[in-house]
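Here is the naming used below: chain letters follow the sequence lines, and residue numbers restart at 1 for every chain. These figures come from a predicted structure and were not determined experimentally.
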Amino acid sequence: MRVVDLDFFDDERSADVMKVWDRLKSFEEITNGWYEGEGWPPSRQAIELARGVLGRLLVEHPYLPRPGVFPTPEGGVQAEWILGKWAADVGFESEDERIQADATHAETGEERSVTFSRDEVNADSAGPLGRWLEELTGRGAGI
Amino acid sequence: MTAENRLELTAKDEVLFRQVYPNWLEEEGRPSSQAFHPWRPVDQGYLSVDRGSLTTPEAAYTLFTDEKPHGFGADSAGVWGLSVGEVTTSGVSPWEDPVPATQTTPANPAHALLDFNTMEPKTWKKTGRLLKVKAWERGRLYPP
């Protein structure tokens, strides 16, 4: 069952997923030059990719909080978490086949970065991204 | 925009006010890290802030958002704060940068700049994440 195809579903995360989807839906109203005359609106591809991946991620990883979701001036979507002392961003860009994830530790400045292909992370499978984020919370393997 | 011939801010407890663009604030009050690092070519590696020793969050917000010529006519979802100490610890240099009045905009004697040019541009996003955490921990200063 594809999360991206569902409008409503029976899951404890449904409220969180709907909030993310509503937020992404609002990005369709953003116009060119939205930031003081600069900035591309998020592309349909970026919005759809974020919608599918974030929906799948929240359903499959109950320990992950709902991210903040924001447009980027490059026409993409950025999901952001604060996980303990880690600040993490995941970027969904329209022209990029990859999904970029970066995190910075607020006290030590340590950085972690990983790039996922759309074969690895998509609306049907967000496992690798979810495990990477859960490691930041201290719940994942190796922490 | 330049920090040349300006004085660097050194009072570590002084809070600097940063306006956050509406699209970069979620309804629960979470700002995006994108609001805390320069990204436009016109920014030239600087980020605008206002000095807490010279203005208040409310006055800074009003001046930023009021229509010209009484204000700068810009959009803001609110004011977040970063201390000079937090900024310098992150590798960013804060400088005073008072702005004189023009025919269309008012003076802003409290204006200051965060200079990211001390670091490689590829590190600016990382620094933005660090500064966002500090601002988020302090909470929105205006509107409360």
Side-chain angles (χ1 to χ4, degrees), chain A residues 15-16 18-20 22-42 54 65-91 93 100-113 136, chain B residues 1 19-44 47-48 64-65 68 72-77 80 82 85-92 105 119-120 122-140:
Chain A
D16 284 338
M18 291 308 296
K19 279 197 170 184
V20 167
D22 286 346
R23 172 82 172 156
L24 289 166
K25 178 74 175 174
S26 75
F27 291 174
E28 296 175 5
E29 306 297 320
I30 295 175
T31 57
N32 203 14
W34 57 271
Y35 191 107
E36 297 178 2
E38 297 188 45
W40 298 98
L54 294 175
R66 179 168 54 83
V69 182
F70 306 98
T72 73
E74 297 81 17
V77 172
Q78 182 162 295
E80 301 185 14
W81 289 264
I82 293 179
L83 302 169
K85 293 294 182 183
W86 289 93
D89 302 341
V90 176
E93 301 295 338
Q100 180 67 37
D102 302 285
T104 304
H105 194 281
E107 291 182 349
T108 66
E110 178 188 347
E111 274 193 284
R112 295 186 187 179
S113 295
L136 301 177
Chain B
M1 192 181 290
Q19 308 287 339
V20 172
Y21 197 78
N23 278 337
W24 283 346
L25 179 71
E26 277 225 317
E27 60 185 31
E28 286 83 0
R30 294 183 290 186
S32 171
S33 63
Q34 298 173 98
F36 297 98
H37 66 81
W39 56 271
R40 301 177 299 181
V42 70
D43 293 330
Q44 298 180 33
L47 209 61
S48 284
F64 190 73
T65 58
K68 298 176 182 179
F72 289 89
D75 292 324
S76 173
W80 271 258
L82 298 163
E86 290 163 349
V87 167
T88 54
T89 299
S90 301
V92 178
T105 56
M119 304 177 292
E120 289 291 322
K122 66 182 179 184
T123 69
W124 293 356
K125 287 185 71 173
K126 168 192 172 182
T127 303
R129 284 193 289 273
L130 289 173
L131 295 179
K132 179 191 80 167
V133 172
K134 300 300 181 186
W136 180 78
E137 289 174 344
R138 185 171 280 107
R140 185 164 65 178

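The ring of Trp136(B) has its center no closer than 6.0 angstrom to the ring center of Trp81(A).
Counting heavy-atom pairs under 4.5 Å between each of Ala87(A), Ala103(A), Pro71(A) and chain B puts Pro71(A) at the top. Heavy-atom pairs under 4.5 Å with chain B peak, among Gly39(A), Ala106(A), Pro73(A), at Pro73(A). Among Leu130(B), Leu25(B), Asp75(B), Asn23(B), the residue making the largest number of heavy-atom pairs under 4.5 Å with chain A is Asn23(B).
Ring orientation note: the planes of Tyr21(B) and Tyr35(A) are tilted relative to one another, at an angle of 30° to 60°.
Checking Gln34(B) against Thr72(A) by side-chain atom types alone, no donor-acceptor pair falls below 3.5 Å.
Between Arg66(A) and Arg30(B) there is a side-chain heavy-atom pair separated by less than 4.5 Å. Using a 4.5 Å cut-off on side-chain heavy atoms (C-beta onward), Glu111(A) and Thr123(B) make no contact. Residues Glu26(B) and Glu80(A) fail the side-chain proximity criterion, which asks for heavy atoms closer than 4.5 Å.
Residue contact with chain B, scored on non-hydrogen atoms closer than 4.5 Å, is absent for Pro42(A). There is no contact between Trp86(A) and chain B, counting heavy-atom distances below 4.5 Å. For Leu131(B), no part lies near chain A; criterion is any non-hydrogen pair under 4.5 Å. For Trp24(B), the parts sitting under 4.5 Å from any heavy atom of chain A are the backbone and the side chain alike. Contacts of Glu137(B) with chain A are made by side-chain atoms alone, with heavy-atom separations under 4.5 Å and no backbone atom involved. Contact of Glu36(A) with chain B is made through backbone and side chain together, with heavy-atom distances under 4.5 Å.
Ion pair Asp102(A)/Lys126(B) not flagged as a salt bridge, since none of the NZ, NE, NH1 or NH2 atoms sits closer than 4.0 Å to an Asp/Glu carboxylate oxygen.
More than 12 heavy-atom neighbours from other residues, nucleotides or ligands sit within 6.0 angstrom of CD on Glu28(A).
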